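These numbers come from the heavy atoms of this one structure, side chains and all, not from hydrogens, waters or symmetry mates. Bear in mind that the values here come from a model prediction, so they are computed numbers and not experimental data. Within every chain, numbering begins at 1; the chains are lettered A, B, ... in the order of the sequence lines, protein sequences first and strands thereafter.
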Amino acid sequence: MKNISIICTVLLILIGCETVIPVDLPREDPKFSVTFIMNPDSTFSANLYSSSFILDELKYDQITNAKITVKNTANGEIYGLQYSQQLEKYISTKKPEVGEEYTLSIEAEGFGTATSKIVLPSENISISDLVYEVEKIENDWGYDIEHDISLNLKDRPEKNYYEFMVFSKNKTYSNDSLISVHTREHSTYTDDGALFEEYADLLIIDDELFNNQTKKISFYFYPSWETENCFRASEVLPNCDIVRTTILNVRAINGEYFKFYQTLGLQSELYYDPLAEPVNVFTNIENGFGIFAGFKNHYFQIAQDTLEYN
Amino acid sequence: MIKKIAFLLIWGAAPALVFSQNYTISGYVKDKTTGEVLIGANIYNAKKENGTATNNYGFYSYTTDTDSVTLVISYIGYAVETISFFLTENMDLNIELSAGETLQEIVVTAEERLEETTKMSRITIPVQQIKSLPKFLGEVDVLKVLQMLPGVQSGTEGTSGLYVRGGGPDQNLMLLDGVPIYNASHLFGFFSVFNADAINNVELIKGGFPARYGGRLSSVLDITMKEGNKEKIKGEGSIGLISSKLTLDGPINDKTTFLISGRRTYLDILARPFISNLEPDEKVGYYFYDVNMKINHRFSDKNRIYLSSYFGDDKAYAKYKYEDEFYSDEGEYGLSWGNFIGALRWNHIFTPKLFSNVTLTRSRYIFDIFDEYKEVYTSSRNRDSNEYSYRYYSQIDDWAGKIDLQYVPSPDVDIKTGVSLTSHSFEPGVLAVKDIDIDTTLGSKQTFGNEFFAYTEADIQLTKKLKINTGIHFSLFNVEKINYTSLEPRIAFNFKLTNRFSLKSSYAKMTQYLHLLTNGGIGLPTDLWVPATKKINPQESHQFALGGAKTISNFEITVEGYYKTMNNLIAYKEGASYLQLTNNWQDKVVAGEGESYGMEFFVQKKYGKWNGWLGYTLSWTNRQFDEVNFGKKFPYKYDRRHDINVAVAYQPRENVSYSMNWVFGTGNAVSLPISEYIVIDPNSRWWSTRNYTTYVEYYAGRNQYRMNAYHRLDLSASWTKKKRWGERTWSLGAYNAYNHKNPFFLMFDERAYTNPSTGATEYKTQLVQYSLFPIIPSFTYSFKF
């Protein structure tokens, strides 16, 4: 904001100087940094890096020789993850099951063992009064087509966390033959900052303000038709039609997932403000950093429409 | 229950003391030359070895049963007056004291001696001493002087915020002539609103609060304005580096006096040459001004009224204008803030033993961020224009009425009681937008709150050695159709171990119905005052203090230990800020607790050739919020383990004076990352074949690291010369005289360095400290006529 820049200008005029000073920080040994988010629709996968002491150069190299296992507490089964050079992450052919408790264990030479434990959410999500509207919003540059979604979310008595996403499945036809299918997730936006945490277009909420109540949720997005799919080598396909199915994905996420992305967003937002209190990013990894979390998807088709491109 | 019994016993004893008295001497103690009342002057009956002191209005009442009386009236910096007479009836006795020659130590005597009073955790500084100390940019600043007292921390360098015994800047009840001031800062906190030329008395109370005070947790700063001298119209003023001021005071007639004092900066004019990249039609500026006014009218010896007012504004702005044949636009944006206070006070003496004060007050603080824009399109056929205005403002507006009664039945009992009602109106953050087709307001709604309190306190000499001050403060706050109430016991003991040494202890519970939402705690005018609500409870504190007091010659020495707990403190949630207009402020805050404990040592010499003080504080201050720092306790940003302040003024001759301050403080607590790591960013979902990463810093905890220690020396010298028209004084000063690079904030950054093994210039992450003020010389020309 302009007026804040006035404050900064005055302060900068008054700032005398800067000095590089020695700092006596306790040296931190490298630790695992893991991103392991699972859901029952996908196989296990994890990314693993090493942390660095703040005064050392941060290495973006992955740790590729670690032993990563996930144990299902209920049945005692242990699943190993193998590093894939192609995908640059650890993967498995197994999928987790809803409602089960899993224990993560990571070992590698020089790092010791990092562990974490979570329960994969099993909650069903109940929504009603789902309304989808397309609105033309005029602005300084012309107009935008805004796609609005509102719904009533029925919350349960226990602590719950949710994520809202919208994606489109675009089927491209030429002369009534299916040419391609593309799935595109849309960035979602909301004006209800009191309810939502926003980071990197993630819309996540907890039920603190509406525990065990029905809450109206509203947000919007800007989809495109992806008409580039009607082209092949710069030539327009004959009689190209696009059938777009728009799907709302409401996820039951666990608290770890919510806290991790909430704090990650806050730290990133405040990074360039030297006077703000910094925010530590949540981690549930013992002897390490990062996140071991999970969610369960619930899909609701909200629209299907067709564009006759030519 | 024990407290209740003790309370009843104490009050039950009072009537017995009351009915043993005979005659009462009462009146005002004033400065002989100016007629200004002297607050805290000591009236001592040498024959009975007891006495009293003047109250905040300069009034005293002394009852004795002897017929031969010798009163010794003393006030620090004034020649002692001794009056002997034969007392046969109640007597009105107004006493005038002559200001003593400060060079002659012999006239320097104390007010009520420290060992005699139950007052503890309280400091008064003579305004003359405040004026004699080095000044920042040549501007006398009462709050900056108070920051050099034990138990009081300054916040960010250069700013005027007070952090008293671990409290926040919102927890200080700053009273100017009995009216609260909500934002006591000019120039983003670098100067305070209190103009020393208009001030008569400054008293800071850090603990052991008497029952008449309430509404804030950590301190009471009671500043009394001058009333205007009764002799002739006089003036004083100064011309400094950034501002000038002028004060006029004097009699209007033999019953009425006035004072008016004004101050304005010319920073906007001085800064203009340095802001060189502006277009010819662009103007950027900043200024502040303030005005103090007071009229005092004496209807009779028993009735007088005072009308006093303060108003002042700060404004930072940018204006621009463009015009050509077909198009023109102009606009202004910036921010402004200011206080207005007014007080109408009536002092009435019912009987020589019963004094009353009735006050009606108003206090308003408003800050305003504005952006106004207008453009006009002109063509051969028509003319079209657009206007746009954006305003984000916040205000608190109080109307209050108060009645205080003081009853002094005997030298051993002094009873004060009173009631007060304040009507608050809050508008904490309102956005008003006006455009071609929009005219709307967003943000927090106006909220009203009514605050009532009643108190009774008594200062009682129980035995020759034991004196207590006890009382009860009851308050009620009505907001959003709910009532909060609080019963706050207050007690202070003074036990005289020897004639010149006493032990003191106190306990006070305080409740505060107002909160200040502050970003980063650096005291910007954008901080929002908000009330306790259904969702946000009032703040509450309990403070215990134990100490000793001794006077040796003209040196007052105190040592105190204290322990304070605070509940229902609020802070923005991590990452939230006042700029999130779509949220109600209540959704952006979290509540938590605080604690502070420590020890303070203070030696003060108020007058004489050499005067000043030495203060040392050893303290610990912590905060705990469930939703901050993962619920773990952390040091408060201004937790300062060691704090040393030395202030010395030396006046070898009447026309020359020198002074110095030296301050030392443990570095502020800051949060620094100790590790960094990589996680997968949620944006990865846009790229199915690639892992999109983001960088995270890891902090071992909030405020776990200390900045380098802060220390600074300020120097000042003044030369005064008598002139035909009065006198003039030149003052030269240097802030941060040895140019110490004190830490303002720290950041890790990539910086070049020379690799010792290769001699090559390389880059690596280093910790960089940013400092604010180097050595700053200043000069001031001041005059009196």
Is [X] atom [atom1] crowded by more than 12 heavy atoms from other residues, nucleotides or ligands, each under 6.0 Å away?
{"X": "Tyr763(B)", "atom1": "OH", "value": "no"}
{"X": "Glu135(A)", "atom1": "CD", "value": "yes"}
{"X": "Lys159(A)", "atom1": "NZ", "value": "yes"}

Review point. Picking from Gln267(A), Lys31(A), Arg27(A), which has the most non-hydrogen pairs under 4.5 angstrom with chain B?
Key: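 The candidate making the most pairs under 4.5 Å is Gln267(A).
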Study note, to complete from the structure: Answer key: most heavy-atom pairs under 4.5 Å with chain B among Ser52(A), Ser268(A), Ser51(A) is Ser52(A)
Is there a side-chain contact between [X] and [Y], using heavy atoms and a 4.5 Å cut-off?
{"X": "Val696(B)", "Y": "Phe289(A)", "answer": "no"}
{"X": "Tyr698(B)", "Y": "Thr283(A)", "answer": "no"}
{"X": "Thr694(B)", "Y": "Leu264(A)", "answer": "yes"}
{"X": "Tyr699(B)", "Y": "Ile54(A)", "answer": "no"}

**Study point:** Side-chain donor/acceptor of Thr35(A) to backbone N/O of Val679(B), under 3.5 Å
**Key:** no
**Study point:** Which portion of Glu750(B) sits near chain A, non-hydrogen atoms under 4.5 angstrom
**Key:**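 Glu750(B) has no heavy atom closer than 4.5 Å to chain A.
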Exercise for review: Sort Asn708(B) into side chain, backbone, both or neither according to what part of it lies under 4.5 angstrom from a heavy atom of chain A.
Suggested key: side chain
Taking all atoms of both residues into account, what is the closest heavy-atom pair of [X] and [Y], and its distance?
{"X": "Leu209(A)", "Y": "Lys535(B)", "result": "CD2-NZ, 4.2 Å"}
{"X": "Phe53(A)", "Y": "Ile674(B)", "result": "CD1-O, 3.3 Å"}
{"X": "Ile680(B)", "Y": "Tyr261(A)", "result": "O-OH, 4.1 Å"}

Point to revise | Rounded distance [0.5 Å steps], CD in Glu627(B) versus NZ in Lys259(A) | key: 10.0 Å
Exercise for review: Measure the spacing between CG of Asp681(B) and CG of Asn47(A) and express it to the nearest 0.5 Å.
Suggested key: 11.5 Å
**Study point:** Interface residue of largest heavy-atom contact number with chain A, from Pro743(B), Gly701(B), Ser675(B), Ala700(B), under 4.5 Å
**Key:**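 Of the candidates given, the most pairs with chain A belong to Ser675(B).
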